[in-house]
A.B. asks: 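Structure in structure tokens, see below.
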Amino acid sequence: MTEKRIRVRFAPSPTGPLHIGGVRTALYNYLFAKKHGGDFLLRIEDTDQGRFVPGAEDYIIESLKWAGITPNEGIGFGEGPHAPYKQSERREIYKKYADQLVNEGKAYYAFDTPEELEKLRKELEESKASNTSYSYHVRGRMKNSLTLPLEEVQQRIASGSPYVVRIKMPENEIIKADDIIRGHIEVNTATLDDKVLFKSDGLPTYHLANIVDDYSMQITHVIRGEEWLPSLPLHVLLYRYLGWESVMPQFAHLPLLLKPDGKGKLSKRDGDRLGFPVFPMNWKDPFSGELSSGYREAGYTKDAFINILAFLGWNPGTEQELFTLDELAQAFSLDHVHKAGARFDFEKAKWFNHQYLVKLSDTEIAKAFKSILAEKGITASDDKIAVICGLVKDRVNFVKEIWDQASFFFVAPESYDPEAIKKRWKPETPALLNGAKEVIQAIEPFTAQNIHDVLHGYIEKNQLNMGGVMVPIRIALVGTTKGPDLQVIMELLGKDEVIRRIEKALSLIKLP
RNA sequence: GGUCCGUUCAUCUAAGGGUUAGGAUUCAAGAUUUUCAUUCUUGCCAUAGGGGUUCGAAUCCCCUACGGACUACCA
């Protein structure tokens, strides 16, 4: 027996921006395919024309590209042998199977109006029935091809009156299904309903389209969110009804991403409410104009973003936490996917980004920081920017935070931290600074090492207190007591600027 | 309401019948540093509750509680 080539798919619907839960689903599919040397394809499930959102499809494609989760087949990625990969362009395929199911007695036409369906639902809810849906318990009293005379059914269809195709759920039968993550599941069909497979608008519902496409695209593993678990029995039954049970894919239902606070699954609104992104990239709602922030623009590197998502519901079984995409593909296994929902931890997300930021070379960081400087109208040599970035990268999580840590390299402090002055600016400080100024004036060449040696020699010779001299110099140069090595700062600023800032501080800072 | 799924530190999670229940983030303390950050060390913190099964249970079974998903001619 030859091993079947692994084929998985990510099948979002273009009803809005892809949120990080969706990206994670895509990532796990991608990793699974990579791990097994298989195919990963992107299919757009746009059978609901009513919820179509302009730009959503491009957003999905762009997001995957940015994150490096690249399908090797499908929309936006060179199509492939099973094109088209968009369900609205495959509509003629589904009708055939819907009719086939009806002809074989496994499904039926239903003509009930929305009002009639609403009435049924109300009635069932009031009667406290255990199954409140359109099921075999009630199909006998509804308007469908099982209850209506054949001639009337044919007449209705011929005259073009609207109808749907519903699956004919077997009565009181146990459907057995297996999930790689959740194990064996059994459901009695008595609790299931006669789901609509084909809508009156001529398009299939998710259930039919999904099975038909997964079958024809030779999908071997369906890795999707847990919200689909309740419809697994229906899908298993559809494979059986269509005669495809022997090639039915294996299923793996992923745990949901939960709100960081409170209850429920992570939603679009949580991002703005809690101040962190829930989308991979910025998104502007085409209808409301509302803006939602994304990880890319928030300053996350794509590697950190991937790493963060990978660990939400999965772990390698070792204590390693930092993984490149390739390493993840090597380590990934569905066996190590957690069953319970995962709550997003924003603090840890920042830590991940910090880890990736410090791993970047100073020149790479400088490239990004340079554009921030440009926005402020500041120019400096690439080398100098790189050195500065290297000096402060340990103390930031994002490139954009570098400015807060390094602005004094480019502009002299306008004000001085009152707390620092209160604690470190003593009555003798001006005299000490004037003394130090003279010494600094004479340092040549003005290098960090030389500054260090001379200043330390001066302080020791005159039996001065190290902090009493150095800290006020720092306040004069930086504005606070914080920051990188003072000698290095001095070299970077240059002797003239150092003297200028000391004189400025001397004239501006009054004793508390 | 019904059906299904789940529950280990605050958070992400490890431990597949035998461990002082491990790691990471956060938080706290100490060391280092002229300062801050980094780094290092240490500390705090968990098997939802109750019954079984077993020599032995976080792990297997049952009940309860809690959480979640689904319950559309949405996906």
A.B. asks: Measure distances between side-chain N and O atoms of A/K482 and base N and O atoms of B/A37, and say whether any donor-acceptor pair falls under 3.5 Å.
C.D. replies: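 A donor-acceptor contact between them is absent.
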
A.B. asks: Which nucleotide, B/U35, B/U11, B/C5, lies nearest any side-chain atom of A/V471?
C.D. replies: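 Out of B/U35, B/U11, B/C5, the nucleotide with an atom closest to A/V471's side chain is B/U35.
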
A.B. asks: Using the P atom as the point on both nucleotides, what is the distance between B/C63 and B/U3, in whole Å?
C.D. replies: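 Comparing P positions in B/U3 and B/C63 gives a spacing of 13 Å.
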
A.B. asks: If you check every side-chain atom of A/R121, which of B/A72, B/U38, B/C12 has the closest atom?
C.D. replies: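 Ranking B/A72, B/U38, B/C12 by closest atom to the A/R121 side chain puts B/A72 first.
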
A.B. asks: Using the P atom on both, measure B/G23 against B/U41 and round to a whole Å.
C.D. replies: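 Those two atoms are separated by 12 Å.
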
A.B. asks: Output the single nucleotide from B/G2, B/U11, B/U7 whose closest atom is nearest the side chain of A/K339.
C.D. replies: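 Closest nucleotide to the A/K339 side chain: B/U7.
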
A.B. asks: With distance as the sole test, does A/N307 use its side chain to make a donor-acceptor pair with the main-chain N or O of A/E321 at under 3.5 Å?
C.D. replies: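 Yes.
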
A.B. asks: For B/C74, does either OP1 or OP2 sit under 4.0 Å from a side-chain N or O belonging to A/K199?
C.D. replies: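 Yes, such a contact exists.
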
A.B. asks: Would you classify A/D485 as touching base, sugar-phosphate or nothing, given that sugar-phosphate means primed atoms plus P, OP1 and OP2, and contacts are heavy atoms under 4.0 Å?
C.D. replies: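 Base contact - A/D485 has a heavy atom under 4.0 Å of at least one base atom.
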
A.B. asks: Compute the centroid of each ring, for A/Y295 and then for A/F276, and state whether the two points are separated by less than 6.0 Å.
C.D. replies: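 Ring centres of A/F276 and A/Y295 not closer than 6.0 Å.
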
A.B. asks: Can you identify which nucleotide, out of B/C74, B/C4, B/U38, has its nearest atom closest to the A/T205 side chain?
C.D. replies: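 Nearest to the side-chain atoms of A/T205, counting from C-beta on, is B/C74.
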
A.B. asks: OP1 or OP2 of B/A75 versus the side-chain N and O atoms of A/T47: is any pair under 4.0 Å?
C.D. replies: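 A/T47 to B/A75 OP1/OP2: side-chain N or O found under 4.0 Å.
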
A.B. asks: Please determine which of A/Q250, A/H184, A/H253 meets the side chain to side chain donor-acceptor pair (under 3.5 Å) test together with A/D179.
C.D. replies: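 Testing each of A/Q250, A/H184, A/H253 against A/D179, the sole residue satisfying side chain to side chain donor-acceptor pair (under 3.5 Å) is A/H253.
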
A.B. asks: Quick one: which of B/A24, B/C73, B/G68 gets closest to the side chain of A/L256?
C.D. replies: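 Given the options B/A24, B/C73, B/G68, the side chain of A/L256 is closest to B/G68.
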
A.B. asks: Looking at side-chain heavy atoms only, is the closest gap between A/Y97 and A/L238 below 4.5 Å?
C.D. replies: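 They are not in contact (no side-chain heavy atoms under 4.5 Å apart), so the answer is no.
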
A.B. asks: Under the 3.5 Å rule, do the base of B/C74 and the side chain of A/R51 count as making a donor-acceptor pair?
C.D. replies: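 Under the 3.5 Å cut-off, the side chain and the base do form a donor-acceptor pair.
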
A.B. asks: For B/U35, take OP1 and OP2 only and decide whether either is under 4.0 Å from a side-chain N or O of A/R424.
C.D. replies: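 So the side-chain polar atoms of A/R424 never come under 4.0 Å of the phosphate oxygens OP1 or OP2 of B/U35.
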
A.B. asks: Using atom P of each nucleotide, how far apart are B/A15 and B/U8 to the nearest Å?
C.D. replies: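 So the two P atoms sit 14 Å from each other.
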
A.B. asks: Say you pick atom P in B/U26 and the same atom in B/A69; how far apart are they, in whole Å?
C.D. replies: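 B/U26 and B/A69 have their P atoms separated by 29 Å.
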
A.B. asks: Give A/R182 one of three labels, base, sugar-phosphate or nothing, depending on what nucleic acid heavy atoms sit under 4.0 Å from its own.
C.D. replies: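 Sugar-phosphate only.
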
A.B. asks: Do the side chain of A/K265 and the main chain of A/L256 share a donor and acceptor less than 3.5 angstrom apart?
C.D. replies: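 It does not hold such a pair.
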
A.B. asks: Go through B/G68, B/U26, B/U38 for me and flag the one nearest to the A/D394 side chain.
C.D. replies: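 Of B/G68, B/U26, B/U38, B/U38 is nearest to the side chain of A/D394.
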
A.B. asks: Using a 4.0 Å heavy-atom cut-off across all strands, classify A/S231 as base, sugar-phosphate, or nothing.
C.D. replies: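 A/S231: no heavy atom of the nucleic acid under 4.0 Å.
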
A.B. asks: Side chain of A/I185 only, heavy atoms from C-beta on: which candidate in B/A75, B/U3, B/C4 is closest?
C.D. replies: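 Looking only at side-chain atoms, A/I185 lies closest to B/C4.
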
A.B. asks: Please check the phosphate of B/A14 (OP1 and OP2 only) for any side-chain N or O of A/N315 closer than 4.0 Å.
C.D. replies: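 Looking at the OP1 and OP2 atoms of B/A14, one of them is under 4.0 Å from a side-chain N or O of A/N315.
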
A.B. asks: Below the 4.0 Å mark, does B/A14 have OP1 or OP2 next to a side-chain nitrogen or oxygen of A/H338?
C.D. replies: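 It does, given that an N or O in the side chain of A/H338 lies less than 4.0 Å from OP1 or OP2 of B/A14.
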
A.B. asks: With rounding to the closest Å, how many angstrom separate the C1' atoms on B/G49 and B/A57?
C.D. replies: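 16 Å, rounded to whole Å.
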
A.B. asks: Rounding to an integer number of angstrom, what distance separates B/C62 and B/U53 when you compare their C1' atoms?
C.D. replies: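 These two C1' atoms come out 11 Å apart once rounded.
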
A.B. asks: Would you mind checking if A/K86 and A/E57 are paired as a salt bridge, meaning a charged N to carboxylate O distance below 4.0 Å?
C.D. replies: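 Yes.
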
A.B. asks: Reckon A/Q487 touches a base, only the sugar-phosphate, or nothing at all at heavy-atom distances under 4.0 Å?
C.D. replies: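 Base contact.
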
